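Computed from a prediction, not measured in an experiment: that's the story for all the values here.
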Amino acid sequence: MVFPRAFLRTAAAFAALILASCELPAPQQAYQPQAAQAGPFMLGIDVLASRNFDLIQGKRVGLITNQTSMTGRGERTRTAMQRALGRNLVALYAPEHGIDGTIGAGVHVSTRRDSVTGLIVYSLYGPTRKPTPAMLAPIDVLVFDLQDIGCRSYTYISTMIVAMEAAAECGKQFVVLDRPNPLGGWRVEGPPLESKWKSFVGQIPVPYVHGMTAGELAMMAGARGWMARTPRLNVVKMQGWNRGMVWQDTGLHWYQTSPNIPHATSPFYYVATGILGGATSVDIGIGTENPFGYAGGSGVNPQALYAYCQRLNTPGVSFSPYSKDGFGGVRINISPRATADITALDVLLLAEINRLTGGKVIGRMGGSKLNLFNKVYGSESLYSDLRRGVPAVNIVARWQSHNQSFRSQRQRFLLYP
């Protein structure tokens, strides 16, 4: 659908308002470098180790783990636990991408033996994504220690939720070793999840970007009945983290969470183009030095998309045009302290690229691709709205009341100021 220029100017102006007012605290409050609350910064695993693993001593332990499960000193969690617990560390469980984080997105992970500990690593992304009673039979307590990226469609939180449910069904204790949200704790953006579209890329009804840690989500999910049964839950809090901190404020080394999240800034780009990436004939930079850091389409005039982006008010986000292999679009540069609503940017870019291709980006979707697109977004409304020519700014505006409500609902589950 082609829109008059006057309408496009109005839409761009409205988009600027939406992007600039993503309902975050003022930048000087939210994203200044923050000092630790008391003492040095410590991850949940480090806090537990400092207490001589008191929560799990004398119990048979299973650990949900991968390459991101590292102590603040750079030692594998499973190595530290095995040294402290000996034979009581009984089993390991690996999420999507495997225990080493090298397996591609959506590819099944096999159960195998871990070369580091000698323990069996049960796959939680193969024939089953929920631990079976047989997998949990050897243990008394199931520990979760994965670095999440703060976006609903990333599957590590889904792994946590279904594992919590399995632990409850089998009478096992569940422990979350908390880690930072690399997007910070104030950013709440994006569409809600409709129950019809609950899936492994959207397991709990939170906004696309929720601004919570894994421990906080575990507490909220249990209290709100987001799983069939809730286990006995312990969350080992971090020390020294607060909601205004982004990854760079923690002083921690970043271990890539999956092949396409190689950098500490990658979660921001994942949010900025992850929804766009589910469409057809688009380019979001997978395989480049900055996965998710591009927004382009087949045959798109890069200068046209760049001009559109320049009209948007996106504090902390800048663009440059590119053309490659028949695709045109923009490279995106996002500051970790950007205050723009980057989920809104994702939808605005999708809508504009769709317009510049004459509707082909959305119009040619179907089957399993469309099904996954709807699951990631959380409803079929984005697809149907764009097909009908609903302006992207109107789509984004619909999220705001839900997100404001979620901010209130999450308040009592927040562990950090």
Worksheet entry | Spacing of L142 atom CG and C170 atom SG [to the nearest 0.5 Å] | 10.0 Å

Item to complete: Could you tell me whether the side chains of Q147 and T68 share a donor-acceptor contact shorter than 3.5 Å?
Response: no

Response to the item:
The salt bridge (Lys or Arg N to Asp or Glu O under 4.0 Å) partner of E216 among R243, R410, R412 is R243

Practice prompt. Any pair with a residue in residues 311-359 that passes ring-ring contact (aromatic ring centres under 6.0 Å, His included), sequence neighbours left out, goes on the list, sorted by first then second residue, please.
Written response: Y294-Y322

Discussion item. For K198, give me all partners under side-chain hydrogen bond (donor to acceptor under 3.5 Å, both in side chains), at least two apart in sequence or on another chain.
Written reply: none

Worksheet item: Restricting to pairs with a member in residues 174-186, which pass salt bridge (Lys or Arg N to Asp or Glu O under 4.0 Å), not counting sequence neighbours?
Response: D145-R179

Discussion item. Is there a side-chain contact (heavy atoms from CB on, under 4.5 Å) between R187 and V246? Walk through the geometry before answering.
Written reply: CA-CA 11 Å; R187 189 179 288 277; V246 290; over 6 Å; no

Fill in: Pair listing, salt bridge (Lys or Arg N to Asp or Glu O under 4.0 Å) test, anchored in residues 289-304, at least two apart
none

Please list every donor-acceptor pair under 3.5 Å in which a side-chain atom of residues 268-282 meets a protein atom from a residue at least two apart or in another chain.
| unit_1 | atom_1 | unit_2 | atom_2 | d |
| --- | --- | --- | --- | --- |
| Y269 | OH | I334 | N | 2.8 |
| Y270 | OH | S153 | OG | 2.9 |
| T273 | OG1 | Y269 | O | 3.3 |
| T273 | OG1 | F292 | O | 2.8 |
| T280 | OG1 | K360 | O | 3.4 |
| T280 | OG1 | V361 | O | 2.9 |

Fill in: Derivation and outcome, side-chain contact (heavy atoms from CB on, under 4.5 Å), residues M219 and L415
CA-CA 10 Å; M219 291 173 58; L415 297 172; 3.6 Å; yes

Item to complete: Let me see the working for N66 and Y156 under side-chain hydrogen bond (donor to acceptor under 3.5 Å, both in side chains), right down to the final yes or no.
Response: CA-CA 10 Å; N66 67 5; Y156 292 171; 3.3 Å; yes

Discussion item. Other residues, nucleotides and ligands only: do more than 12 of their heavy atoms fall within 6.0 Å of CZ on R76?
Written reply: no

Worksheet item: With sequence neighbours excluded, what pairs up with A49 under the side-chain contact (heavy atoms from CB on, under 4.5 Å) test?
Response: F53

Discussion item. For T159, give me all partners under side-chain contact (heavy atoms from CB on, under 4.5 Å), at least two apart in sequence or on another chain.
Written reply: I64, P95, L124, F200

Practice prompt. Answer yes when E75 and R83 have at least one side-chain N-carboxylate O distance shorter than 4.0 Å, and no when they do not.
Written response: yes

Item to complete: Any chance you could lay out the side-chain hydrogen bond (donor to acceptor under 3.5 Å, both in side chains) test for Y154 and S258, step after step, and finish with the verdict?
Response: CA-CA 10 Å; Y154 207 69; S258 56; 2.6 Å; yes

Discussion item. Under the rule for side-chain contact (heavy atoms from CB on, under 4.5 Å), what residues qualify as partners of M160, not counting sequence neighbours?
Written reply: F144, I157, M164, F174, V176, A214, L217, A218

Listing, residues 99-114 side-chain donor-acceptor contacts under 3.5 Å, not counting sequence neighbours, or none:
| unit_1 | atom_1 | unit_2 | atom_2 | d |
| --- | --- | --- | --- | --- |
| D100 | OD2 | R112 | NH2 | 2.8 |
| T111 | OG1 | S123 | N | 3.0 |
| R113 | NH1 | G118 | O | 2.6 |
| D114 | OD1 | R78 | NH2 | 3.3 |
| D114 | OD1 | V116 | N | 3.2 |
| D114 | OD2 | R78 | NE | 2.9 |
| D114 | OD2 | T117 | N | 3.0 |
| D114 | OD2 | T117 | OG1 | 2.7 |

Discussion item. Suppose the criterion is salt bridge (Lys or Arg N to Asp or Glu O under 4.0 Å): which pairs have a residue in residues 369-383, not counting sequence neighbours?
Written reply: K196-E380

Worksheet item: Is W399 reaching over with its side chain to a backbone N or O of G190, donor-acceptor style, under 3.5 angstrom?
Response: no

Worksheet item: Who pairs with H402 by side-chain contact (heavy atoms from CB on, under 4.5 Å), at least two apart in sequence or on another chain?
Response: P192, P207

Worksheet item: Applying salt bridge (Lys or Arg N to Asp or Glu O under 4.0 Å), which residue pairs with at least one partner in residues 391-403 are found, sequence neighbours left out?
Response: D385-R398

Response to the item:
In terms of heavy-atom contacts, G44 and V236 come closest through O-CG1, 3.3 Å

Worksheet, complete the sentence: Rounded to the nearest 0.5 Å, the CG atom of L382 sits from the OH atom of Y377 at a distance of 5.0 Å

